[in-house]
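Presented below is the structure to which this report refers.
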Amino acid sequence: MSGAQPGETQCFAGYCPVCEKQTTFVLRNPNIYRSTQCQNCQCGPRQRALFCTLNRFFPTWRTMAVHESSPGWDKVSQRLVAECNNYTASQWEPGVPGGTLVTNTKLPCKKYYVQNLEAQTFDDNIFDLVITQDVFEHVFSPDRAIAEIARTLKPGGGYIMSVPVVRRAQSSRRRARLTKEGSIENILPPEFHGNPVNGEGAIVTIDWGFDIGAYLAAASGMHFLMLEIDDLARGIRDECNLTLVGFKRPLPDLS
Ligand SMILES: [Zn+2]
């Protein structure tokens with residue numbers, strides 16, 4: 001870190017795993033590492049952590065059948081679209097039937113299927129890898145969403161997500177839920193994050209804790225690794241975001 005004075009932008013040099021270049025990382029918000037942006041590709045630390053995890057656990061991702069739910073404009077999604085031989089994007093759009101193919105040339109993916117992550121129209125066992133970036137803090141039924149992801153994965157398939165784990169060692173808690181009538185009921189004061197498709201904020205439904213891995217495993221039968229990468233040489237430090245890797249495969253028989 002440079003010796004920053006109050007009001008001064010902090011920056012440091014390092015290697016960006018997303019654009020694969022030596023770069024300068026800039027803290028857009030001084031002293032908050034999750035604001036650190038690569039000056040070259042504008043990615044943030046959670047994207048760099050996700051891309052490192054992708055290369056480490058699924059080095060042949062370019063040849064895999066990949067489903068990315070809710071991709072944005074970021075460099076990770078751009079690279080997946082450009083380099084995957086078999087890439088499928090999906091977005092949720094209320095009121096549009098699941099399975100509808102939408103063309104949106106503004107997005108890097110250019111086209112996507114409308115899908116409710118909790119009730120997908122995709123067939124069973126069709127994807128090698130599913131990727132979500134900061135989606136699971138916005139789903140109303142994370143148990144159904146992860147069960148659907150497991151259903152659509154081939155046996156032996158994998159899943160990578162980035163997700164804020166703001167509760168750390170405390171239990172996960174719900175912020176908002178859907179009523180039977182389909183309206184949003186706020187249990188805690190509403191919080192919103194940016195939404196890549198409609199410009200409106202996406203409401204935060206769950207504040208996750210470290211129990212997210214066990215929760216997702218119980219709901220899906222998959223098993224999960226949780227990775228907290230802290231490596232300023234690659235511009236990766238985040239106050240709350242973790243990367244989870246899920247595997248759709250049986251536990252080993254060690255008898
Ligand atoms: Zn970069």
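Heads up: numbering here begins at 1 and tracks the sequence. All ligand and atom numbering here is 1-based and tracks the order in the structure. Just so it is clear, the model here is predicted, and its values are computed rather than measured.
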Ser70 side chain near Thr132 side chain, heavy-atom distance below 4.5 Å: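 No, their side chains stay 4.5 Å or more apart.
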Count, waters excluded, of protein N, O or S atoms under 2.8 Å from the Zn ion (ligand 1):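 Considering protein N, O and S only, the Zn ion (ligand 1) has 4 within range.
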Show the atom names and distances, to 0.1 Å, of all donor-acceptor pairs under 3.5 Å that link a side chain in residues 22-31 to residues at least two apart or in another chain.
none

May I ask you to decide if the ring planes of Phe247 and Phe58 are parallel, tilted or perpendicular, using 30° and 60° as cut-offs?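 Phe247 and Phe58: tilted rings.
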Restricting to side chain to side chain donor-acceptor pair (under 3.5 Å), what partner residues turn up for Thr36, sequence neighbours left out?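 In terms of side chain to side chain donor-acceptor pair (under 3.5 Å), with neighbours along the sequence ignored, Thr36 is linked to no residue.
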Glu185 and salt bridge (Lys or Arg N to Asp or Glu O under 4.0 Å): which partner among Arg174, Arg175, Arg177, Lys180?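 Single pass found, and it is Arg177.
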Can you list everything that forms a ring-ring contact (aromatic ring centres under 6.0 Å, His included) with Phe51? Sequence neighbours excluded, please.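 Partners of Phe51 under the ring-ring contact (aromatic ring centres under 6.0 Å, His included) test: Trp61.
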